[in-house]
Amino acid sequence: MGKATGFMEFERLSEASLPVQDRIKNYKEFVLHLTDDQAKQQGARCMDCGIPFCTTGCPINNIIPDWNDLVYHQDWRGAIDVLHSTNNFPEFTGRVCPAPCEAACTLNINNDAVGIKSIEHAIIDKAWEKDWVKPQINPNKTGKRIAIVGSGPAGLAAAQQLARAGHSVTVVEKNDRIGGLLRYGIPDFKMEKSHIDRRMVQMQAEGVEFKVNQHVGQNVNANDLLKQYDAVILAGGAEQPRDLPVPGRELGGVMFAMDFLPAQNKVVAGDDVPNQVKATNKHVVVIGGGDTGSDCVGTSNRHGALSVTQFELMPRPPEKENKELVWPNWPLKLRTSSSHEEGANRDWSVTTKELIGENGKVTALKGARVEWKDGKMSEIAGSEFIIKADLVLLAMGFVSPVQKVLEAFGVEKDARGNAKATIDGDGCYKTNVNKVFAAGDMRRGQSLVVWAIREGRQCAREVDAFLMGSSTLPR
Amino acid sequence: MSVVSAPENQGLYNKRNEKDACGVGFVAHIKGKKSHEIVQQGLTLLTNLTHRGATGYDPKLGDGAGLLMQMPDAFMRNEAAKLNINLPEAGKYAVGNLFLPQDAKNRATCEALITKIISEENQTLLCWRDVPVDNSNIADAARDVEPCMRQVFIGSNAADQNTFERKCFVIRKRVEHAVRALNLKDKAAFYVPSLSSRTIVYKGMLLANEVGVYYRDLADKSVVSALALVHQRFSTNTFPAWDLAHPFRMIAHNGEINTVQGNVNWMAARHETMKSAVIGEDLDKLWPLIAEGQSDSACFDNCLELLVAGGYSLPHAMMMLIPEAWNNNALMDEERRAFYEYHAALMEPWDGPAAVAFTDGNMIGATLDRNGLRPARYLVTDEDIVMMASEMGVLTFPQEKIIKKWRLQPGKMLLIDTQQGRIIDDAEVKSELASARPYKKWIEQSRYFLGDLPKIESQLEMAESLLDTQQAFGYSQEDIKFVLQPMIANGEEGAGSMGNDAALPVLSNKAKSLYNYFKQLFAQVTNPPIDPIREELVMSLVTFIGPKPNLLSVDETNPPLRLEASQPVLTLSELEQLKNIGVSTKGQFKSLVLDITYDAKLGKAGMGNAIANLNKAAEKAVHDGFNVLILSDRAISKNRMAIPALLACSATHGYLVKTGLRTSTGLVIDTGSAREVHHFALLAGYGAEAVCPWLALETISHLASDHYIAGKNFVKAIGKGLYKVMSKMGISTYQSYCGAQIFEAIGLNSAFISKYFTGTASQIEGIGLEEVAEEALRLHNQAFGNDPVLMNQLDAGGEYAFRVRGEEHMWTPETIAKLQNATRTNKFDTYKEYAKLINDQTRHYKTLRGLFEIKQAGSAIPLDSVEPANEIVKRFATGAMSLGSISTEAHTTLAIAMNRIGGKSNTGEGGEDAKRFVPVTADTSVAAVIGKDLIEADIPLKAGDSMRSRIKQVASGRFGVTADYLASADQIQIKMAQGAKPGEGGQLPGHKVSPYIAKLRFSVPGVGLISPPPHHDIYSIEDLAQLIHDLKNANPKASISVKLVSETGVGTVAAGVAKAKSDHIVIAGHDGGTGASPISSIKHAGTPWELGLAETQQTLVLNQLRGRVIVQVDGQMKTGRDVLIGALLGADEFGFATAPLVVEGCIMMRKCHLNTCPVGVATQDPVLRKKFTGQPEHVVNFFFFIAEEVRELMASIGIAKFDDLIGRSDLLDTKAGIDHWKIHGLDFSKIFHQPNMPTSVARKNNDMQDHGLANALDNKLIEMAKPALEKGKKVMIDLPITNTNRTVGTMLSNQVAVRYGNVGLADDTIHVKFTGTSGQSFAAFLAKGVTFDLTGEGNDYVGKGLCGGRIIIKPPTAFRGIPHENIIIGNTVMYGATTGEAFFNGVAGERFCVRNSGASAVVEGVGNHGCEYMTGGTVVVLGLTGQNFAAGMSGGVAFVYDEDGLFAKRCNMNMVSLERVMHVDQVPADAVHHLDQPDEVTLLSLIKQHINYTDSVRAKAILADWENARDKFIKVMPNEYKRALIELAEDKVLVAA
């Protein structure tokens, strides 16, 4: 299989990006997928391991060695078939997944991991380009009706699986467009929204009905759904952001990232957004060192911010992990995103003590340094500082799903306010309410797109089995 | 105490597994002159064979011995007269020697039956005689079951003596059947040693030297005979059984018939169709011809008797039963080939290592199997005496009277006709028989070759899509990737590595094909596997399709037709030819296709009926005259599901055998299921004469661009694979493999087995027809259903490598990560998480032990009262992984770690750097000690560390096995088999042979190294005893260990090994790791260790041998729970291999065979070795974790001492509440069984073996050589020697090695002159500085492992024979020699200089397989060679004096080229040289030394005519060696430049 000595001959090649000065002028994707020759060579680096740690490192268990090998042999058609067999939406994960598979790659033990994500990206782009992504229409309809609340990756994955199993699926989405966080959480420069639209067309052909502007608990009655459908999947995400309870929180110019980012996406989509808050000519402080924070950095730079500063409460992670002790698990290490490359001051072990404002608008942030010991944090005396801030974006993660959806269905919650359901064994993904299932962030809490797809697929299998007695859908 | 008699089958112990092998011999007067002297000589010969037998727990309890001779008429007449009976003339009466029951009533019943039957057969009962015996000195246990010895005298009413003999045969068979029907429960079984007018057999459960004492008749001077055939048995068991002693009525046998199950089945199948003109209606009375539960030799004897009674002459019958290798023999004449070919259709060979001595009272002779795997030497005197024996020296004659000393050659026959009064040599016997009838004409008239029939193109028509059809037959993606693609690309099966950690089929959640429930059996210890590649000349895939002719049609004038195919895998068009055979043979063959699919709507419940219908249809077809039945599943579709082809095949074959119709028809399987070697082997083993794998062929045509080549490659690969599967059991022809059932089942219940796979072992019950059908149905439904995963692709598989959604494995990403993390951080908690994962997952139905529950022995005890961990770790060892298979870094790390904890590491088969033997006294590092250029990733060493592997392995390749290496061992392990590929050899490809590895293995860098499948000095149990003895001599302080692989019958083998005086036995599971092995061996050979270990424990306890040995178990040992279960099942010690490698960094890449291990563990690539990060501390942590887990478990069940766990299988139970559709039928009671023996019988190791070194001649040698050993002063010693002086010089060499290492002493410091016949293994491992100068002759294994010494053997001056026409040394001489030199003034037996890696030798002729696998050294042969010279030879040079110009035909040219020896002046200046000098210089120097040492007439004559003689020498030059020499020379030029 593949090239037994490829990993010794070829080095890892990252995908090329457009230069910073060019890309920050617009909101287009700037990462270029590998050429055929590059992909072939990168595929040759895969060792076809006896135990493919990547496959289990990947939440949806992508059969990575197989498509690496197919790409090495330039069998792109075969590669997309294998890729699609575990992943409904490789165009999403090929762009925005942090690639835990690569952390688990055996080559990562003492070398650079195989560029799995870049190969995935190349495969799906090739597939769309060649028009290989076709609707898979099941001619045998079961007559069962399923409603899915939420059109994020979990909802979409569940919908596609169930439609392919022959069920009639309706996806209800509260926003004006489908996609959930894919649509409004992730900036276009990381993933253009045409990818979602293109999938929607495919799924509609497969029989999925999409309904937008449908708020459960507002203009949609949970009981009506229960009456009209044979099963309901709650896949509404975990959209309740974590707040920052400090003095000055109420000031203007202090906002959640999830209010800041969607507005830009709508603008890119051609909507008219009357009061869009922009970072243009502002000193921006982003609080929170994760991906959302990073997206805020990228968007602020595109707006033309004067400065962008990003604070993280946790200490600065090491540049390199101790692979002997960490591999094949996801390592804690310093990660520099493409948005950071575009310009940002990053600081760690910083806590926000107060937001200072004038005329009801924020002007500065008072922070302090903290020290971590045995998992406990303490402020360093006398370390307070003040930094100029015209726009403070809160990107500190999400605490839970929007509770009213769960409450509308009377679904039991776990300690963190998520829908309570298991993921293994009998009755998994099922809530305490008959016919009601839950998947994705709504069940597990804030997580990755790839985890959402996994839950959507697995939940679909359970729903299929619930409706039909057994299921041949893969987990 | 004594065990009264052989125990019944119990637990995993089964009587039918018992094996024996032995010493055999005869003395005969060529002219038929009878004398008492010959009887006495026979007894003497027997006595001197004693060491080839064995004793059990009681030294007096031998395994049986006996003597067959001519009827001593005068003596019998006299004895009868005492009973007032006047005997008729000689030949008109018969004497039956009888073993009768002890119980008087039973005895009377038997005698009444005999009386009745004699009268019914119209013969006259003359009288009964009590045979006087002296049982005062036999073992108690033997006496306890001693039969009552009586003779019956029968007067002849037959027309002539031959007719009378046939009557006696009929009477005996009838009596045997009748008594068996009585089912007497008597301690002494009824048995008839002989009943004949010509011969009589005296035998019993006696030591060899007791036969003449016990039977007082034999001392009587009037007991005379012109021939005496004797036999000394070495059995694996210790149960006294009088009837198992040889000789039988016509034969005595040394060896084992591997195909016996198939032979017996086929004989039974012939019942209905057999007719005999001479036996007539009596024929029916003979059935059952072969009784249940007999030894292979007894079965053979039964069959031989039948053939002789049926009218074949004795040599004719022997040639039918044990034909020589004829298919591939270019030198055989046409007539003889025709003879063999004709008879091949009559009788499938009785195949296996065999030296059979036979007699009918007039003729006496012996024959050897086609491969010459047993020794048989003979001599002829000028007084017309012929003496043949397994070795020389057993009976001595004055040298001046001996006119010929020779050996029995492979496939050859020695025959003495005492009536004609001459020796008839092989060529004459055979040419006479071959020309007696027009066999060639008959064959040409009656034979069809499938390949010659008109070609018919055939296109496959499938009802469903290819993908769905593949899925219905259970194809997975792995079948394409790992099974088919390597075969179609390379023409051979793909290789894998790292063993098998997937779930057993019966425990798997996936639907498995029936094929997977069967495991291939393989040869270990009691018989050798064959090397099907290097010894291909003995192998054959020829198959006969169609009815078998009447076996007893001696005078056939119109022989029936036969259809012959060169191999059994049929293409689509060949199957089409078979379907149309009626047309192409004008109706002489008629074929019929029987559909083995049935209406899918009937589901699983329909399968039983479908099979019954199939059987009826087959029966009807045969009655309707169809003589080729084709069972086909091509009709498979959504609506028709297939009976598993294996089930259909076996059921039909078995049914036709039972109904007596099987030999009236051929059976061909046309199936979509067969795709891997194992499938074809199984179909063959259960009766298929040919198989058409239609779906595999169709699949291939979609995989490859050139399907013609791909299909050919596939067929070739399957053929090669079948060779491997057959040869691992020591079977060489497809014909004898067919129907031989060389398999055991795991997880099939007895009802299913006895109905459809009768006679196959299946130890733990399991699923039956319903579940088998359920699995077939599931596959069918998945294939034709709507499963989206299977819509566009095959199932992932996951058998060969871990795959998500594939088959479950024990090594998973999670378990590996946790184990590595735990051992690197020394966190016991993390280890426990790992152990919990493994232990729970094994419970989650992957291994048998996973289904075990451990019971409380008492209440739980505090942890600190349990034996400490640092004691428990001493029981741990790491597996035998050679430096070569793993990197120096990985190998050394294991050794350092094991020495730190007091456990043992194992060198594996690859030698060890002597620098590692030295203890580390100050802090340093591995690189500093071994050499900075040799280590890529250095490892620090502390004072007190040691890199020495305490276990030194000795495997078939003998790489790096020197006196010094052995002297450095605490334990020497003989690897009989390896879990991952039992019965197979190995190969280290040239690119892995680095200069360092080459140095350790005494070979040339870059030249590939082959480990043969068998140890060429172990073809039977007594050979193993000899090797154990050799190694014990090589290091008296080391314990000797024998490594076996778990399979049914391993317990019996282990008992034999314990009797062979092994101190230690390893039972390896089938699933152990490997550097490289064919994937079907990884998956389909051997059984889990739970079975093998339990059987071993039970059998050793039953035999009262357990106390003498330490038992170690290994194979996928991963946790403390595994250890605990191993102990409870009977293990003292535990081996770990894969887990410590994982601790060192292995991540189960399964790429060892590609040399691309990315973590530097299993690779020799310096770049990759740099990446090695393993540390001894991690390995130490691992073993302490294991021990701690064991302690916690011990505390919880209330056992404080580890010793108290051993053998407590009563503490195991089947886990309750298992809810799984396949598992519920499993029954582990046989595994948990404990033999009911007195408490005094040991259940664990508590005793030592007595190796008998105190009597060794070497004690004297060491004493006499003291000045040399201590001060290096030259000593001369002069001693007589006999064949009972075995392994002479080895202990002496150990003394040299201990003091001087491999450097040894100065040349000829110790010079020993011997006179006489040396015993086996003369001068084994002889060290440098020692010269052994023997006047006389040697036996087998002279100079085994020679390391620096000099051996000279020359005939006594009184001997009148011409040395180069007489044999002087036996078989397998200089096997594994590394350095030193030897000069033999005479001819050597088979396999001279096998695996020589550096010694020089001059000899005047050799047998078959000379210089096989040689990797170095120089061999000069001044006379004829046998066939297959230089097979597998990759290094060194041989010079052969080719007088008759035919050497090229006898040489195996696969790896060598033949060159001329050039005049020294003509050698080009830039030529590369063997030994850095021109060949002529080397050759002349050796010849001159030969003259100097032996005074060889031959050598002198050659030298005298050197200009002519030089041209007759042929230089045998291995191609690889030549390439390597050129490369080395180029490297030197580069360095110099």
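These numbers come from the heavy atoms of this one structure, side chains and all, not from hydrogens, waters or symmetry mates. Quick note on labels: first sequence line is chain A, next is B, and so on, each numbered from 1.
- Per-residue counts of heavy-atom pairs under 4.5 Å with chain A were compared for Ile1147(B), Val1159(B), Asn1155(B), Thr1173(B); the largest is that of Ile1147(B).
- The candidate with the highest count of non-hydrogen atom pairs below 4.5 Å against chain B, out of Ile63(A), Asn111(A), Thr106(A), is Thr106(A).
- Only the side chain of Leu1168(B) comes within less than 4.5 Å of a heavy atom of chain A; its backbone N, CA, C and O stay farther away.
- Ion pairing between Lys3(A) and Glu9(A) holds under the 4.0 Å rule for side-chain N and carboxylate O.
- Shown here for Gln793(B) and Leu467(B), the closest heavy-atom pair between the two residues is N-CD2, 3.7 Å.
- For Arg164(A), no part sits under 4.5 Å from any heavy atom of chain B, backbone or side chain.
- Heavy-atom distances place no part of Asn792(B) under 4.5 Å from chain A, backbone and side chain included.
- Using a 4.5 Å cut-off between heavy atoms, Asn61(A) contacts chain B through both its backbone and its side chain.
- Heavy atoms closer than 4.5 Å to chain A are found in the side chain of Leu1154(B), but not in its backbone.
- Between Tyr831(B) and Ala822(B), the shortest heavy-atom contact is N-CB, 3.3 Å.
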Inset, instruction - Using the salt bridge (charged side-chain N to carboxylate O under 4.0 Å, His left out) rule, take Lys510(B) and Glu808(B) through it: C-alpha gap first, then chi angles, then the decisive distance, then the call. - result: CA-CA 9 Å; Lys510(B) 298 215 151 196; Glu808(B) 298 209 55; over 6 Å; no

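- Proximity to chain B (any heavy atom under 4.5 Å) is shown, for Leu473(A), by both the backbone and the side chain.
- With a 4.5 angstrom heavy-atom cutoff, Lys1151(B) touches chain A only via side-chain atoms.
- Between the side chains of Ser476(B) and Asp795(B), no donor N or O sits under 3.5 Å from an acceptor N or O.
- The candidate with the highest count of non-hydrogen atom pairs below 4.5 Å against chain A, out of Gln820(B), Arg824(B), Met1148(B), is Arg824(B).
- Between Phe1185(B) and Phe828(B), the two ring planes are tilted [angle within 30° to 60°].
- Heavy atoms of Asp1165(B) lying under 4.5 Å from chain A belong exclusively to its side chain.
- For the options Leu790(B), Val1167(B), Ile816(B), heavy-atom pairs under 4.5 Å to chain A are most numerous at Ile816(B).
- With chain A as the partner, the residue from Arg1150(B), Arg805(B), Glu814(B), Met498(B) showing the most heavy-atom pairs under 4.5 Å is Arg805(B).
- Interface remark: Gln782(B) contributes no atoms to any contact with chain A (heavy atom separation under 4.5 Å).
- Under a 4.0 Å N-O distance rule, the pair Arg803(B)/Asp66(A) qualifies as a salt bridge.
- Residues Glu478(B) and Val483(B) fail the side-chain proximity criterion, which asks for heavy atoms closer than 4.5 Å.
- Of the listed residues Gly798(B), Ala796(B), Pro813(B), Gly496(B), the one with more heavy-atom pairs under 4.5 angstrom with chain A than any other is Pro813(B).
- Residue Ser471(A): no heavy atom, backbone or side chain, is found under 4.5 Å from chain B.
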Inset, instruction - Start with the C-alpha gap between Phe1182(B) and His1178(B), add the side-chain angles, then the distance that decides, and say whether ring-ring contact (aromatic ring centres under 6.0 Å, His included) holds. - result: CA-CA 6 Å; Phe1182(B) 170 71; His1178(B) 303 163; over 10 Å; no

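- With rounding to the nearest 0.5 Å, the separation of CG in Asp464(A) from CZ in Phe466(A) is 11.5 Å.
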